[in-house]
Amino acid sequence: MKPHHQTSLHRIADRRVILPTLGLCIASVGIPLAFAVIFSFCSVDPSGSFNFGSLDGYRALFAGGRVAEFNRIAVRAATVTAVTMLLSVPSAYWIARAQRSSVQIIILALLVTPWLVSDMLRAFGWQLLLSPSGLISRLWSVITGTGPLENLRYHFMTVVIGLVSAMLPAGILTVFSAIPDRSRSEWLAAAELGSPRNVFRLMVLGRAKAGILLGAGAVFTLSCFASAEPRFLDGPTLTSVQSIAASLVNVGVPALLAFGTVLILLGCCCCGLTYAVYRISCRERHTRGGQSRSLRSERLVSLGHSPGNSNRAPLAWVLDTAARLTPALAGFASLAICCAPLLAVAIETFWQPTPSGGRWTVENFQLMFSSEDLLGAFTNSLYAAVLVAAITAAFAFILSLVVWDKRLQWAVVTLSVLLVILPGDAYAISLMQFLKLFRPAEGGWTLVVGSHVLWALPFATGTLMLANRHLNEHALEASLEYAKGPVSVILRFVARVNVGRIAGVALLAGTLSLNEYLRTAYLGGGLLTIGNVVHGRLTAGLLPENRGVFAVEFLVLIASVGAVAVLLLVGSRFSKSQSTSRK
Amino acid sequence: MNSNISRRCFLNHLGAATTLLMVGAGCDQRKKPSGSKSLRFYGTATLDVGSDGWKELERSVGTTLSFKDNGNDAGPVIAQMTAGAAATDYDIGGLLGGAEGVLAGAGSILPWDLSKIPNWKGVWQWAKDIEHARWQGKQYGLPLVVNADSMIYLPDRIKSVPGYESGIIDSYAAIFDPRLKGKTSMEDAWVNSAIFTAIYLKQNNLMAIQDPGNLTEQELKGVMEFLIDKKRSGQFRKLWNGWEQGVEVMRSGEVWVMTGWEPIVKALADQGLNAKYAMPKEGYEGWSIDLLLHSGAKKRGSLDLCHQVANWLQDGFYGATLALSRGYAVPNDSTAAYVQRSNMAKGQQVLDTLKQVQGKVAKTLFWQNVRPDNYRLYEEWWSKLRAAA
C-alpha cells in the first residue's frame, strides 16, 4: 500500500470512535485478568481467604497426568483443524462460485444450523447416530446384510468427527468471507489466464490466504476449548479443557487461575511469533519489490498454457478435473456432516421411548408448552441472545475499523486472542473477586450479557475485519473526499456496504450466547437459561416429562434457520437494489 | 429505486424487529408480583420436581421456588460457592454430601436451626448420624436424598459368558473380570469409581484399606494403579459421564455391566430392557445429597422461609414425588405417612423404594465422600487415569 493511501485511509480508523470501545473491552478483560494473575500466586486458607505468595496453583497444573492431557487436546485440535480446513477451503470456493445468490443463501443457512443447537444436544445427537442401534449402523446393516456396527463411538476419531461437524461453519464462513465477490473482475482475469486449478489457487489460496489462516486459528482454538463433544464421544475416558478446569478448581481456585494465566501467556507468545513472522515477510516482500507480482503471473501462464508441458498433460487433466469436482463434493460432504446430528435431535423431538421401544408423537411440544421453567429459560436465553447480538455487532463493527490503523490493529488482535483463550470459568471467578472489592457480588443479567459479548466479540470482529479488507480503496478515498468527515464515511459507507455481514455477525453472536453454559452458570445468579436446562437434563436424566427440551431446541432451530434465510434474502435484495439504482 | 430509502427502510425494519423482539422477550420475564415470597434453589438436577411439584410448595408454604441446576460436579460448585457468587445468589442448595466442612469454613453456608424444622424428628436415625453433614457440632447439611449404589447389569447378555450362566452378578469382580473385557464400565469420576474399586479390593482382601471413602496416599496409589492397568488392558468400553450416557451405553448393549445409579435400571426397564441392580457381597456405596442453607438467605432475610421450605421438603409430598420419578428416597417416615393419608395411585411403588433403601443401608455400606483428606491427590491420580493410553 502506498504511503499516501495509508495516510488518507487511516482517517477512517477514527480513534475518537475506536479508543473508547477498545478501552472498555480492555478494561473488561484486563482488570479480571490482572486479578487472575495475582490470585494464581495465592493459596487459599480454610476460611476461603487468598494469601499471596504461593506456587501451589502452578504445581497443580503440571501434576498428575495433566501435561499428557494437554498434549492429547492439542493433537486432537490439530487433527480437527486439518480435516476441517481441508473441507472448508473447497466448500467455501464452491459456495463463492455459485451463480445464483439464492443457492448461496440456502447453503449458508444450512451451514450455520449446527450452531443454533446447544453443543450438548449436538454431541448427544452424534452419540445417537453412531450408536450400534443408530441410523448409520442400521443403514449399514440394510446395505451389507451384516450385523450392527459396533465401536463407531467413544474413541479419538469419533470426537474428531463431532468437532469437525461443529467447526465446519467457522472454517467455511471465514474462508468464504475472504474470497473476493463473484462479481469482481479478478475472477474473470483468473479464468482467462489459467486452468480451473489455477483459478482455485489464485482466488482461494492466494486471495483468501488471510481467511484460511484466521479460520484455521479459530477452528484450532474452538476445538481446544470444546467440551460437549469429548464428553459424549471420547473414550474410554474423556479429556477436555473443561474437564481439566473442573479438576483444577477442585484442587483450588488458584490452580484454575494459574491455568488461565498460562494459556494467556501461550496466547501472547503465539501473537508475538505471528507478528514477528509477519514483519519478516513484509520486509522480504519489500526487498523483492514489484518483481513478485509479474513473476507470479508468468508462472500462472506457464502452468496453464505452456506447450512444453505436454508430458504433464494427463496430470494436469487430473488436477483440473479434481479442481472442478472436489469443491462440490467437499460442499455436499460438509453439509451432510453439519446437518447429521441435527437429524438425530429432530428425530428425538418426535419420539417418546416406551417399554415396547418407542413411538412417534408430538407430545414433546405439549410438554414444552406446559413447562413454565422451560418457557422461562427459553425467553431468558432469547432475550440475552438479542442483547448480546446487538451489542457485539456494534462493538465488533467499531473495532473492525482498525484494519486501517496498523498499530491499533495489533492491539485488537491481541485482545481478541486473549478473549478467546481465557477459560470462561477463570474469567468469571476473577471478575467476581474484583467485584467483591466493592460490595458482595451478585450474578445477574448484566454480567451474563457482558461475558457473552466478550466471548463472541473476537469472532465477530475477525469476520468484519476480513470484510473491511475487501472494500475498494479508491471508493473509500472518494467517500473521504466528499463526505463531511470520517464518522460520516463509517456510517454511510462502511456500515452500509457491510450491512449483511454485520447482521451475520449479530446472528453469530446471538447463537453463541443462546447455548452458552459455563459463564452463565458462574455469573447468572438465579437466571435460568436453555443451556442450563439442557445441561441439567442430560446430566441428571431426561425423564419423559423433560423431553420438551428437544421440542424447544427444534423450535429454536427452525426459527433461526428461517431468520437466517430471511436475513440473507433481504440483504441480497438490498444489495441488488443498490446496484440497480447505481446503474 | 432510491438507494437511500431502500437502506433506511431495511435498517428501520431491522431495528423495529429487534426492538419488538427485545421488548417482547422482556415483557415475558414472568416477574412475580411484588410482595410475594420467592426462594432460589441451587441444586443437583436430580432434586428438581418440576413446576408441578413446586406449585405444591406454593400452595403449602406460600412461596414460589426457582430451581437451578448446579451441574452436580462438587469441585466447580465449591468454587462457585467460595470464590464466585453462588453463596449469595441463592437461598438454599443441594449438593453431594461431604462438602459441608469446606463450605462452612469459608462462610458460604450457615447451620440449620433444627428447632424450626419439626419434620427433622421423623428423619431416620442413620441419616441423622451421617458425619459429613455436621461441622463443629452443628448441622450444616440435611440429608435430603440418600441411596446405596452398586452395579447395573444385563442378565440376558451376561448368561452367554462362561462362569455367569446363572445370569446373576453379585460381586464387583465382574467389573474387572477379563472374561467381560470391553463390556464393562464405571463412572468417569473418582468420587464414585475410586470408592467402588477400593471396596472391591478391600472386601476381597486384595489390598489393605482402612476406609474406602477416604483413602490414604498409599491406598490411593494402589487403587488407582489397579484402575490404570485395567484401562490399559481394554477392560472398560467407556467410562460413562452423566445419566443419559449411563443409560445409553447399557441400552445399546455396548456395556453389559457397570457401576452406576439405581434409577438407570428403572430408565432401562421403561425402555423395555431386562436390567438388574446387583446386590454385591462386598457391600454398597452410600451417598447423600444434602440440603444447604446459603449465606445469601440471611442477607435477604429469608432464613425463616428457608427453614419452612426445608420442613416441607421433609413432609412427604416431595419424597413421594422423587421416589416415583427417580426411584430415590427422602430418609424419613413422612413419605410413607403421606402415601397412606393421600391414597396415592402408585403408593406401593413409593413404599417399595423406601423399603429397598432401608434394606440396602442395613447391609455393609461405605459412605461416599466428595472431600476426602487427600482430595488433591485423587484429582492428580484421576488425571493420570484419563491420560493413560
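Letters A, B, ... mirror the listed sequences (proteins, then strands); counts begin at 1.
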Any side-chain to backbone donor/acceptor pair from K68(B) onto L527(A)? Under 3.5 Å, distance only.
yes
Is N151(A) close to chain B through its backbone or its side chain, or both, or neither, when contacts mean heavy atoms under 4.5 Å?
both
Pick from L447(A), D234(A), V67(A), L256(A): which one has the most heavy-atom pairs with chain B under 4.5 Å?
D234(A)
For chain B, the option from N532(A), I429(A), V44(A), L528(A) that forms the most heavy-atom pairs under 4.5 Å
N532(A)
Answer yes if the side chains of Q127(A) and E248(B) hold a donor-acceptor pair under 3.5 Å, and no otherwise.
no
Using non-hydrogen atoms and a 4.5 Å limit, figure out which bit of S49(A) sits close to chain B: side chain, backbone, both or neither.
neither
What pair of heavy atoms forms the shortest contact from A79(B) to Y522(A), and how long is it?
CB-OH, 4.2 Å
Can you see whether S252(B) engages R153(A) through a side-chain donor-acceptor pair at a distance of less than 3.5 angstrom?
yes
The interface call for V253(A) against chain B, heavy-atom contacts under 4.5 Å, is side chain
Using heavy-atom distances under 4.5 Å, tell me whether Y517(A) contacts chain B through its side chain, its backbone, both, or neither.
side chain
Do any N or O atoms from the side chain of K436(A) and from the backbone of G84(B) form a donor-acceptor pair under 3.5 angstrom?
yes
Atom group of A428(A) that falls short of 4.5 Å from chain B, counting heavy atoms:
neither
Using heavy-atom distances under 4.5 Å, tell me whether T239(A) contacts chain B through its side chain, its backbone, both, or neither.
side chain
Any E380(B) side-chain heavy atom under 4.5 Å of R66(A) side chain:
yes
Check G65(A) against S383(B) and note the closest heavy-atom contact, atom names and distance.
N-OG, 3.0 Å
With chain B, the option among A245(A), A60(A), S243(A) that has the most non-hydrogen atom pairs under 4.5 Å is S243(A)
Would you mind checking which part of R231(A) comes under 4.5 Å of any heavy atom in chain B, side chain (CB onward), backbone (N, CA, C, O), both or neither?
both
Please determine whether salt bridge (charged side-chain N to carboxylate O under 4.0 Å, His left out) holds for the pair E150(A) and K238(B), giving the CA-CA distance in whole Å, both sets of side-chain angles, and the decisive distance to 0.1 Å.
CA-CA 13 Å; E150(A) 295 214 352; K238(B) 156 79 182 161; over 6 Å; no
Let's test your reading of the structure: which of A506(A), G443(A), G235(A) forms the most heavy-atom pairs below 4.5 Å with chain B?
G443(A)
pair Y154(A)-V249(B): side-chain heavy atoms closer than 4.5 Å:
yes
Below 4.5 Å, heavy-atom pairs only: which of L238(A), V249(A), L128(A) has the largest tally toward chain B?
L238(A)
Euclidean distance, E69(A) CD relative to L385(B) CG, rounded to 0.5 Å
9.5 Å
Quick check: do R251(B) and S133(A) have side-chain heavy atoms less than 4.5 Å from each other?
yes
Exercise: do R376(B) and N250(A) side chains pair donor with acceptor under 3.5 Å:
no
Partners of W135(B) by side-chain contact (heavy atoms from CB on, under 4.5 Å), sequence neighbours excluded?
A104(B), Y140(B)
Can you say whether F39(A) sits under 4.5 Å from chain B via the side chain, the backbone, both, or neither, judging by heavy atoms?
neither
